[in-house]
Amino acid sequence: MASFLFLSLLFSFLHFTSSIPSIGITYSSTVSPPPPPFPAKVSSLISALKITSVRLPDPDPSLIKAFAPTNASLFLSISNSHLPALASNGSVALSWLRRHVLPLYPRSKISLISVGNTVLDSTTIQDFSPFLLPATRNLHHALQELGINKIQISATFSFFSTITTAFPPSSAVFQQPAGDLIIKPLLQFLEQTNSSFLINIYPYNLFRLNSEIPIGFALFQDNPFNFRDDPVTGIRYFNLFAMMADAVLTAMAAMGYQNIPVVVEETGWPSGGSQAEEVEANGVYAEMYLKGLVRHLKSGAATPLKKDGVAEVYVYELMDHSGGDNERGRKWGILTENMTMKYNVEFSSGAKNSGICLVAIWFTNWLLITSMNLILGFVGIQG
């Protein structure tokens with residue numbers, strides 16, 4: 001009886017810890033293709049930071065190849081401009097895979113491909129949404145044709161152009177008509193192919209839009225007054241990230257797809273804004289957000305509504321970039337443009353996993369010894 005109890009505790013403990021989301025980083029290159037020394041330098045830098053999941057919005061083959069010697073799981077994105085061609089012809093999907101995946105996989109550990117990025121954003125000049133699902137299907141079929149079955153295919157959405165409300169999370173649904181016309185068929189595809197739903201969650205942007213949100217609530221700060229209660233579910237939220245994540249899960253559940261894992265493709269806090277009034281875009285707050293995010297995810301409580309609802313989270317991004325329209329000039333990088341570290345944040349959960357393994361080994365050994373003692377004792381009594 002005692003052995004069974006400890007075995008149950010062990011399995012429940014391991015199940016709980018396995019639900020901790022992995023924390024990755026986005027690296028977007030400003031030059032395509034990047035100069036020869038740079039891909040290797042970037043991959044070495046990310047390995048030194050002990051980050052094991054990397055998103056490449058500009059997946060040049062030289063970058064993908066540079067991560068082959070590492071243990072990093074790669075998440076590739078295909079730009080919206082490629083969607084019409086991918087949707088219209090399956091051979092285009094095969095051609096893209098033959099250049100970006102086939103020569104490099106599985107040595108480069110590609111695990112996920114996003115077809116398009118936030119196609120529903122109102123700021124997009126061209127409407128790529130009609131091409132999204134056909135392009136996604138064509139890429140999936142092309143992978144199957146090449147005999148590759150372990151790479152997920154999905155598409156990315158923005159919280160603000162997809163979800164109706166962040167509070168209360170229980171009232172959130174997908175915005176219409178895109179919800180029924182685009183997202184619901186995609187969710188059906190994701191369920192059929194065992195893929196994940198991809199969403200960008202930026203508490204900073206929501207904080208700037210709503211003056212009633214306390215800064216501490218957005219920055220994961222421990223404060224007796226930093227909480228909000230959902231009047232329907234009674235769930236108490238202590239940070240804005242978890243509230244937004246639960247709003248996404250609620251919207252998915254409303255469509256009958258509550259079991260699809262969610263990957264937060266982008267999140268972060270800028271250390272510099274593009275406008276003078278963005279006083280909250282500073283290094284102090286950015287470090288507080290990142291440390292709070294990592295602490296929150298490592299606690300295993302990704303969302304109050306569903307503990308394993310968020311499978312992965314990617315911080316945006318590795319490096320600051322000068323000029324361009326990079327999020328309207330904001331500085332999102334954990335590194336400066338000169339590749340120096342801006343914050344003291346430990347992204348790796350390796351030490352935690354090592355502890356889990358040690359506890360598991362200890363429990364297993366204890367169970368074996370206890371079981372043997374019980375058996376020997378039983379034999380002794382019988383004798």
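Everything quoted here is computed from the prediction, not taken from an experiment.
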Ring pair (Phe, Tyr, Trp, His ring centres under 6.0 Å) against F159, all qualifying residues, sequence neighbours excluded: none
Listed partners of Y27 passing ring pair (Phe, Tyr, Trp, His ring centres under 6.0 Å), at least two apart: none
Atom pair [atom1] ([X]) and [atom2] ([Y]), whose distance is rounded to the nearest 0.5 Å:
X    : Y    : atom1 : atom2 : result
L94  : L139 : CG    : CG    : 9.0 Å
F189 : I260 : CZ    : CD1   : 10.5 Å
L249 : N259 : CG    : CG    : 10.5 Å
H82  : S77  : NE2   : OG    : 12.0 Å
R98  : L146 : CZ    : CG    : 6.0 Å
I334 : L290 : CD1   : CG    : 7.5 Å

Any donor-acceptor N/O pair, [X] side chain to [Y] backbone, under 3.5 Å:
X    : Y    : answer
S154 : S195 : no
H321 : S28  : yes
K342 : G333 : yes
Q152 : S196 : yes
E287 : K291 : no
S44  : A40  : yes
N138 : A87  : yes

Grab the two heavy atoms, one from [X] and one from [Y], that are nearest each other, plus how far apart they are.
X    : Y    : result
V115 : A135 : CG1-CB, 3.8 Å
A72  : F67  : CB-CD2, 4.1 Å
K298 : I20  : O-CD1, 3.6 Å
A247 : A172 : O-CB, 3.3 Å
W96  : P59  : CZ2-CG, 4.1 Å
R228 : F217 : N-CE1, 4.1 Å

Audit row: S161, D121, side-chain hydrogen bond (donor to acceptor under 3.5 Å, both in side chains) steps and yes/no: CA-CA 6 Å; S161 59; D121 279 7; 2.8 Å; yes
Does atom [atom1] of [X] have more than 12 heavy-atom neighbours, drawn from other residues, nucleotides or ligands, at distances under 6.0 Å?
X    : atom1 : result
Q144 : CD    : yes
F238 : CZ    : yes
K65  : NZ    : no
E277 : CD    : yes

Is there a continuous path of hydrophobic side-chain contacts, each under 4.5 Å between heavy atoms, that joins [X] to [Y]?
X    : Y    : result
I163 : V263 : no
L198 : L83  : no
Y343 : M319 : yes
L209 : Y289 : yes
L49  : Y316 : yes

Do the non-hydrogen side-chain atoms of [X] and [Y] ever get within less than 4.5 Å of each other?
X    : Y    : value
V54  : L318 : no
P304 : R236 : no
K109 : K150 : no
L74  : S108 : yes
V294 : E346 : no
P203 : T267 : yes
R137 : L133 : yes
S22  : E312 : yes

R295 to F220 six-membered ring, cation-pi geometry met (6.0 Å, 45°): no
Check whether the ring centres of [X] and [Y] lie less than 6.0 Å apart, and answer yes or no.
X    : Y    : answer
Y202 : W332 : yes
Y314 : F75  : yes
F157 : F197 : yes

Derivation and outcome, side chain to side chain contact (heavy atoms under 4.5 Å, CB included), residues N210 and F167: CA-CA 11 Å; N210 191 334; F167 185 81; over 6 Å; no
Whether the [X] and [Y] side chains hold a donor-acceptor pair (N or O, under 3.5 Å, no angle test) is what I'd like checked.
X    : Y    : result
N71  : T52  : no
E278 : Y204 : yes
S47  : T70  : no
S299 : H296 : no
E266 : T26  : no
T340 : N338 : no

Evaluation steps, side chain to side chain contact (heavy atoms under 4.5 Å, CB included), between F174 and L187: CA-CA 12 Å; F174 287 112; L187 289 171; 4.0 Å; yes
E265/R55 ion pair, N-O < 4.0 Å: yes
From CA spacing to verdict: side chain to side chain contact (heavy atoms under 4.5 Å, CB included), L45, L335: CA-CA 10 Å; L45 178 61; L335 306 177; 3.1 Å; yes
Residue pair L120, S158: steps toward the side chain to side chain contact (heavy atoms under 4.5 Å, CB included) verdict: CA-CA 8 Å; L120 299 180; S158 165; over 6 Å; no
Candidate list T250, D230, D246, test side chain to side chain donor-acceptor pair (under 3.5 Å), partner S170, passing option: D230
side-chain contact (heavy atoms from CB on, under 4.5 Å) against S111, all qualifying residues, sequence neighbours excluded: S73
